[in-house]
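All values below come from the heavy atoms of this structure, side chains included, with hydrogens, waters and symmetry mates left out. Being a predicted model, the structure only gives us computed values, none of them experimental. In what follows, every chain begins at residue 1, and chains take the letters A, B, ... in the order their sequences are listed.
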Amino acid sequence: MHNVWQQLTTYFQYPFIRYAMIVGILIALCSSLLGVTLVLKRYSFIGDGLSHVAFGALAVGTIFQIENDLIVVLPITVLAAVLLLWTGQNTKIKGDAAIAMISVASLAVGYLIMNVFSTSANISGDVCSTLFGSASILTLSRMDVWVSILMSIVVVAIFILCYNRIFAVTFD
Amino acid sequence: MALIKCQGVALGYEGKVVTEELNFQVEQGDYLCIVGENGAGKSTLMKALLRLIAPLQGTIEIGEGLHASEIGYLPQQTPVQKDFPATVWEIVLSGCLNRCGWRPFYNKEDKKRALDAMRRLEIDDLSAQSYRNLSGGQQQRVLLARALCATRKMLLLDEPAAGLDPVVTGELYELIQKLNQEGITVIMISHDITAAITYASHILHMGSRRPLFFGTKEAYRDTDLYLRQGESGVTVHA
């Protein structure tokens, strides 16, 4: 037990570990709040779909050489989410099919854009680092942490205020 | 003036007419049963009464201080609802949501209302149970209590007995009749002509394209429509 404690304090000396801890807990909190509703509404797949949309947006951001990718990624992903849930209600293409279409399409477009307008010689390296590397939980900046904290507060506040409405919408 | 008055109403989707020439009215305390074959536009009529869709022609008047938002509606149950993991109390209480307006939480009056509704439907002992573990009949009662929370005047029921066994169906009809006798106007869609004749005060029989009959059940008993169904024995039990 003593050993474990010692090791943990060693780790927590580093700011990037502290950031990772804070952001990880916040993300877990928010996704557990929102996830239940999505699963009950039969939208379990939307997280995966939206992450692909985010990748497409990231590719667009990269070719325009925008320093802070979040400015592009965040609004586009939110827009895609609204679009998916909106069309899911009353169109010929039902929720799951729409999610599959948009996610695969945006993945393809993202990869295409990165390929055609590549900014460096190493495309597969770029894709790989975009998908798995560059926004890893261990390379968060102070800015990212603040954005996460702020977004979590907003999400939790909205969830508490609208809980009864969310409940009714989920049920109907 | 009548609670609901339909004059020359035509209903449909995207310009395609499902049913037309609907003329009927519902008075306070009536028990109207809407019967008719599948696709005759019964559920569409319900949606029009709730102002969810607009009629293509004609007018639907809602009178005597009754707002469309004050009508309790019991829709057909969706697959998502059947295994919804919430307590009975939460679901019944969510029927009060329309009364909240911009208020984010329920107040004492809402809670009292929900409790009253559950007592009236004899499900107050199920309050803490999970909805998904209830039987079909109990689930239907919970949804009825929820609809009751939203109204003191009028209930719209869309095939409340679908998928229930005869005993439970009978109990449910008795409950609805009790509510009707307590002064709530009931409009119910049903495939069960026998039950419609037993419990309802008025019948609206919808055929394909146009309604075939509207009037009291006594008058309906004498029509060809009813006699024909009696003879061939095709009374469909929902």
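Around atom OH of A/Y14, no more than 12 heavy atoms belonging to other residues, nucleotides or ligands sit under 6.0 Å away. Under a cut-off of 6.0 angstrom, the local environment of NZ in B/K112 is sparse, with at most 12 non-hydrogen atoms contributed by other residues, nucleotides or ligands. Other residues, nucleotides and ligands contribute only 12 or fewer heavy atoms inside 6.0 Å of the OH atom of A/Y11.
When all heavy atoms of A/F171 and B/Q81 are compared, the closest pair comes out as O-NE2, 2.9 Å.
In this structure, the portions of B/E90 lying under 4.5 Å from any heavy atom of chain A include both its backbone and its side chain. Looking at B/L93, there are no atoms closer than 4.5 Å to chain A (heavy atoms on both sides), in backbone or side chain.
Per-residue heavy-atom pair counts under 4.5 Å with chain B were compared for A/L40, A/V36, A/I160, and the maximum is reached by A/L40.
The structure places OH of A/Y163 at 9.0 Å from OH of B/Y106, a figure rounded to the nearest 0.5 Å.
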Next item on the list: Using the side chain to side chain contact (heavy atoms under 4.5 Å, CB included) rule, take B/L97 and A/F167 through it: C-alpha gap first, then chi angles, then the decisive distance, then the call.
Entry: CA-CA 10 Å; B/L97 194 68; A/F167 180 90; over 6 Å; no
